[in-house]
Amino acid sequence: MSTAPNPSGDARFPVAVVEPTNRARGRIMRLLKDALDVDAFPSIEAVQQEIDLNTPWILVFGPSYGDDAGVKEVQRLAQAYPLARTVLIADDLSTELLQRALRAHIGDVLPAFADANELLEAIARVADSLGGTPVPSAGGKRDNLGRLITVVSTKGGAGKSVVASNVGVLLAQETGGSAALVDADLQFGDIAIMLNVPPEHTIVDVMGVIRRLEPEMLRDLLLPHDPSGLLVLPAPVEPAFADQVGAADLVRIVNTLRVFCDYVVVDTAPQLNDVVLALLEESDDILLVCPPEVPSVKNARLALQTLRLLNIPLSKVRLVLNRSTTKGKVDPREVEKALQLKAEVEVPVDSAVPQAVNEGLPVVLAAPRSAAAKGYRKLAQLLVAGEPRV
């Protein structure tokens, strides 16, 4: 956007959330995502790099700006960008803060516990002062967003990407719906290799249009896995490109995919970084992949503790015991006891899996009658059925 629209009831203005803390920013984004098309920025500096001086914006500032220093920062931005309109969310909504916000010409101030309706009403009020409305969400094109399934493991070598690729293929091939697979292991993702899909487009290409991303744009950048019909978005081809993709960017990408895909499967890096945690908060299902080995069980237990601390419901988590066997491994029942979580699927050790990986085929296609393929098929069926956790 380079010029401001004439003030009129037909004008629609972009909305952005500005908040350094991933958790607070994610909460505000979730309040707005079903109604508005929202950008996200981790700082005022990031906003200044993006918005045009001559373009109206509605900026929602998170609780990190809810003190005297934060209000002054918002005021300086508003003075530099006279067409911007601001809403502030504050943890401590005191009379003094309201007075400071009023003097700083902040359009509205809300408490941190404000719900979606209250926030939308505040945004509508400040948009009305410009003579327009906020930009509606692309999600409005579909009543129900597709199911988001994130595959995680906090230890490398657990077989997480094998699980993600096989489940994605099965959801695309056997459900009659549409499915996409996103490789969010941004530095060392292998999904393109495992599916033998040349990475003609990657997440980096999506980042080139992220601020104006529409479902149609994203659909054009997805790569088809011809044997199954799965749509694939590979990781960057160079590890250095990973820094270009932030947590809010990944959330926006997967939620845009959910507008036109029935299932979105996301493979992740073997760590709980900001990107992975943001995806877990959005997910309908979390597949925790854990081989029955002591180091993997220890890391899985720590991951579950982290989810509890972040108030991510453990009801989302489905434990997948990958490469399960009774020889030289921890007994599956001991794993369940240690994690206080029942394994929904045990995928056995199967020589067909590494052979299929080396051929660039998921084992459910290369050896559909193999023991591993049967395990992945059971997992996909549980996801489709939406069966409750035991």
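- Taking each heavy atom of Asp350 and Ala371 in turn, the nearest pair found is OD2-N, 3.1 Å.
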* To do: Take Glu346 and Arg333 through the salt bridge (charged side-chain N to carboxylate O under 4.0 Å, His left out) test and state the conclusion after the steps.
  => CA-CA 11 Å; Glu346 295 181 32; Arg333 305 294 77 79; 2.6 Å; yes

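- With rounding to the nearest 0.5 Å, the separation of CE in Met207 from CD1 in Ile253 is 6.5 Å.
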* Please test Asn322 against Tyr376 for side-chain hydrogen bond (donor to acceptor under 3.5 Å, both in side chains), starting from the C-alpha separation and ending with a verdict. => CA-CA 10 Å; Asn322 199 39; Tyr376 294 132; 3.2 Å; yes

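- Arg219 forms a cation-pi arrangement with Phe260, by the criterion of a distance under 6.0 Å to the ring centre and an angle within 45° of the ring axis.
- More than 12 heavy atoms of other residues, nucleotides or ligands sit less than 6.0 Å from atom CZ of Arg377.
- A donor-acceptor pair under 3.5 Å is formed between the side chain of Asn358 and the backbone N or O of Pro354.
- Closest approach of Ala179 to Gly168, counting heavy atoms only: CB-O, 4.2 Å.
- Taking 4.5 Å as the limit, some side-chain heavy atom of Ile149 sits within range of a side-chain heavy atom of Leu287.
- Side-chain atoms of Glu334 never come within 3.5 Å of backbone atoms of Asp331 as a donor-acceptor pair (strictly under, hydrogens ignored).
- Between Arg100 and Leu97 there is a side-chain heavy-atom pair separated by less than 4.5 Å.
- Ile203 and Asp183 get closest at one heavy-atom pair: CD1-O, 3.3 Å.
- With contacts defined as side-chain heavy-atom distances shorter than 4.5 Å, the pair Leu181/Ile191 qualifies.
- Using a 3.5 Å distance cut-off with no hydrogens or angles, the side chains of Ser178 and Asp262 do pair a donor with an acceptor.
- Judged by distance alone, with hydrogens and angles left aside, the side-chain atoms of Arg318 form no donor-acceptor pair with the main-chain N or O of Ser315 at under 3.5 Å.
- A chain of hydrophobic side-chain contacts below 4.5 Å, direct or via other Ile, Leu, Val, Met, Phe, Trp or Tyr residues, connects Leu272 to Ile286.
- Using a 4.5 Å heavy-atom threshold, the side chains of Val152 and Val289 count as separate.
- A pairwise comparison of heavy atoms in Gly246 and Val275 identifies C-CG2, 4.1 Å as the closest pair.
- Annotation: side chain of Thr202 is not in contact with side chain of Leu233 (no heavy-atom distance under 4.5 Å).
- Minimum heavy-atom separation, Leu304 to Leu339: CD1-O, 3.7 Å.
- Judged by distance alone, the side chains of Arg252 and Asn255 never bring a donor and an acceptor atom under 3.5 Å apart.
- A single hydrophobic cluster is not seen to contain both Val357 and Leu361; linkage of ILVMFWY side chains at heavy-atom distances under 4.5 Å, directly or through other members, places them apart.
- Sparse packing is recorded around CD of Gln340, with 12 or fewer heavy atoms of other residues, nucleotides or ligands lying under 6.0 Å away.
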* Any chance you could lay out the side-chain contact (heavy atoms from CB on, under 4.5 Å) test for Leu279 and Val254, step after step, and finish with the verdict? => CA-CA 8 Å; Leu279 290 169; Val254 298; 4.0 Å; yes

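- Looking only at side-chain heavy atoms (C-beta outward), Met194 and Ser161 come within less than 4.5 Å of each other.
- Among all heavy-atom pairs drawn from Thr154 and Ala300, the shortest one is OG1-N, 3.8 Å.
- Proximity of a side-chain donor or acceptor of Lys316 to a complementary backbone N or O of Leu280 within less than 3.5 Å is detected.
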* Where do Val87 and Leu119 land on the side-chain contact (heavy atoms from CB on, under 4.5 Å) test, with the steps shown first? -> CA-CA 9 Å; Val87 174; Leu119 181 53; 4.3 Å; yes

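- The cluster map of Ile, Leu, Val, Met, Phe, Trp and Tyr, joined by side-chain heavy atoms under 4.5 Å apart, puts Val163 and Ile193 in different clusters.
- No side-chain heavy atom of Phe61 sits under 4.5 Å from any side-chain heavy atom of Ile106.
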